[in-house]
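Just below is one structure, and these are the notes that go with it.
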Number of protein chains: 2
Amino acid sequence: MLATETAETGHEAGSARRNAVLESALVLLVEGGERALTTAGVARAANCSKESLYKWFGDRDGLLAAMITFQASKVRAEPQPVGATGLPALRAQLVGIATNLLKVLSGDVSIALNRLAIGKARRDASDLGQLVLDHGRRPIETRLSTLLEAGRDAGLITFDATHEAYATLYGLVVRDMHVRLLLGEPKQPFSPAARAEQAVDQFLRLFGAEKTIGPARERTGSGSPNNAPDIP
Amino acid sequence: MLATETAETGHEAGSARRNAVLESALVLLVEGGERALTTAGVARAANCSKESLYKWFGDRDGLLAAMITFQASKVRAEPQPVGATGLPALRAQLVGIATNLLKVLSGDVSIALNRLAIGKARRDASDLGQLVLDHGRRPIETRLSTLLEAGRDAGLITFDATHEAYATLYGLVVRDMHVRLLLGEPKQPFSPAARAEQAVDQFLRLFGAEKTIGPARERTGSGSPNNAPDIP
DNA sequence: GACGTACCGTACCGTACGGTTCCGTTGCGA
DNA sequence: TCGCAACGGAACCGTACGGTACGGTACGTC
């Protein structure tokens with residue numbers, strides 16, 4: 001499995017042609033689901049031969065794995081500047097990551113790949129689910145964890161276990177939106193930024209150091225409240 | 001599709017034999033995934049004929065749908081007694097529902113059925129996902145919502161939009177445990193009751209009416225703190 | 001200009017699965 | 001006892017898909 005993976009060579013593309021094929025496969029998957037992702041279909045959509053597919057990816061599972069790593073390589077988030085300090089800066093950074101997370105998770109390609117991995121989970125040893133977790137969750141967790149620990153070191157927030165704090169923030173941000181989307185519930189329009197701000201504010205009310213949080217009450221219904229300070 | 005569903009007749013079982021077949025199918029699905037859930041396999045495991053399968057369920061999709069409603073009919077939560085009032089009672093009821101939710105969501109059958117529905121979901125109306133949402137999420141949401149609104153009416157908690165409060169509580173309780181399990185991450189041992197208590201306490205700190213919450217700080221790392229009053 | 005490489009397009013094969021049909025048996029009511 | 005409905009078991013069919021093999025073509029290299 002995982003015949004010729006991009007991640008091992010590091011860097012960027014396996015080859016331009018290969019990536020074009022993967023892109024076609026992703027399109028096919030997004031608009032047709034796993035049923036549409038046949039080897040013949042991919043070959044037809046990408047104008048390549050099945051023989052090339054098997055030469056490049058070794059296997060259908062190898063193709064699926066390559067699709068996941070390929071998509072992950074496109075979503076690499078830029079390392080945000082860690083310039084300013086203070087609570088407003090921390091809040092702004094958290095909101096930024098949370099907004100990005102919400103946008104990624106509700107993207108069509110992400111949904112399709114997660115559906116694929118979940119549908120095949122536990123069936124094979126070649127676990128696509130682990131691949132998705134490694135390339136999807138782990139980067140987010142490390143980014144958020146380092147940020148949270150920096151905030152704790154700066155005395156802005158307090159918590160014992162980093163993972164607990166991260167998990168709470170994740171829950172506040174994503175709620176059950178992800179599973180609902182995966183189950184096929186039509187995505188209702190919403191503002192990722194507003195949701196992220198709301199969730200981060202809730203998180204800060206739970207984990208903020210004693211007197212850093214300003215007004216006690218916060219209306220949770222309406223979208224973006226006016227108490228958001230601008231990014232410094 | 002959905003040829004002969006149990007839910008329409010209300011009550012209980014379609015027939016004893018039918019339910020036994022569905023039970024066999026669930027076992028097959030849990031331990032083999034969708035790949036193992038072939039019509040021939042179900043017939044063999046249940047000692048029935050494929051002809052009977054098609055007579056009872058009309059279709060493979062009908063069988064899948066019947067499995068979902070059948071499983072849902074087994075999980076019907078008992079209507080909890082709404083006797084006592086006051087914050088400790090509210091907290092206890094919330095913790096009870098949250099604990100139950102965590103146990104159900106991490107159950108093998110629930111995981112397998114959710115994987116099945118998600119794997120077959122697409123942007124078009126693939127109904128299994130909707131079925132899972134209707135029989136899984138909606139009951140929880142209505143139970144929690146009525147409870148939350150009762151708490152608000154009693155002046156114990158405050159919120160504008162019920163759905164927002166519900167969603168926040170859901171996120172605090174479940175976090176991303178569900179998706180991780182669906183992706184095949186091995187379930188690590190944890191105490192649903194302790195997690196539920198922690199989440200409900202966090203929720204009450206966010207939505208509790210002004211002076212009803214006692215000590216301000218709360219350690220989030222350790223499991224079940226000693227500040228939990230017994231159920232009245 | 002011969003050779004090798006990389007690739008496309010397509011035909012082909014084996015298999016597995018959904019769905020159908022047929023037959024034998026059991027059991028129940030008239 | 002007869003008839004009939006329900007059911008189990010098994011054979012069968014059509015199709016779709018993963019995987020392979022083969023022929024043909026463009027291109028670079030000696």
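Every chain is numbered from 1, with letters handed out A, B, ... down the list of sequences. In this text, all values refer to a predicted model and were calculated from it rather than measured experimentally. Reckoned from all heavy atoms, side chains included, excluding hydrogens, waters and symmetry mates.
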Is the backbone N or O of A:Ser106 less than 3.5 Å from a side-chain atom of A:Ser110, with the two atoms forming a donor-acceptor pair by type? no
Evaluate the side-chain proximity of B:Met67 to B:Phe70: yes if any heavy-atom separation is below 4.5 Å, no if none is. no
May I ask you to verify if any side-chain N or O of A:Ser49 is less than 4.0 angstrom from the OP1 or OP2 atom of C:dC7? no
In 5'-to-3' order, the base (B), backbone-only (S) or no-contact (-) status of each nucleotide in nucleotides 14-24 of chain C, using a 4.0 angstrom heavy-atom cut-off, is ---SBBBBB--
Under 4.5 Å between any side-chain heavy atoms of A:Cys48 and A:Arg17, yes or no? yes
Pairs under 3.5 Å (N/O, protein and nucleotides 26-29 of chain D):
none

Overall bend of the helix from C:dG1-D:dC30 to C:dA30-D:dT1 (five pairs an end, 10° steps) is 10°
Roughly how many Å is it from CZ in A:Phe57 to P in C:dC7, rounded to a whole number? 11 Å
Return a table of donor-acceptor pairs under 3.5 angstrom between the side chains of residues 36-47 of chain B and protein atoms on other chains or two or more places apart.
residue	atom	partner	partner atom	Å
B:Thr38	OG1	B:Gly41	N	2.9

Between D:dC7 (P) and B:Arg17 (CZ): distance, integer Å: 9 Å
Applying salt bridge (Lys or Arg N to Asp or Glu O under 4.0 Å) as the test, list every pair that has at least one member in residues 178-191 of chain A; sequence neighbours left out. A:Asp108-A:Lys187, A:Asp176-A:Arg180, A:Arg180-A:Glu185
So, do B:Leu94 and B:Leu148 sit near enough that their side-chain heavy atoms are less than 4.5 Å apart? yes
Rounded off to whole Å, could you give me the CG-to-C1' distance for the A:Asn47 and C:dA6 pair? 16 Å
State whether B:Trp56 places a side-chain N or O below 4.0 Å from either non-bridging phosphate oxygen (OP1 or OP2) of D:dA6. no
Assess whether side-chain contact (heavy atoms from CB on, under 4.5 Å) is satisfied between B:Arg195 and B:Met177, documenting all intermediate values. CA-CA 11 Å; B:Arg195 282 259 37 247; B:Met177 178 199 75; over 6 Å; no
The complete set of salt bridge (Lys or Arg N to Asp or Glu O under 4.0 Å) pairs with one or both residues in residues 19-29 of chain B, sequence neighbours excluded, reads B:Glu23-B:Lys74
Determine the interplanar angle of the A:Phe207 and A:Phe203 rings, folded into 0 to 90°, and report it as parallel if under 30°, tilted if 30 to 60°, perpendicular if over 60°. parallel
Would you call B:Glu141-A:Arg175 a salt bridge at under 4.0 Å N-O? no
Between A:Gln130 and A:Leu133, is any pair of side-chain heavy atoms under 4.5 Å apart? yes
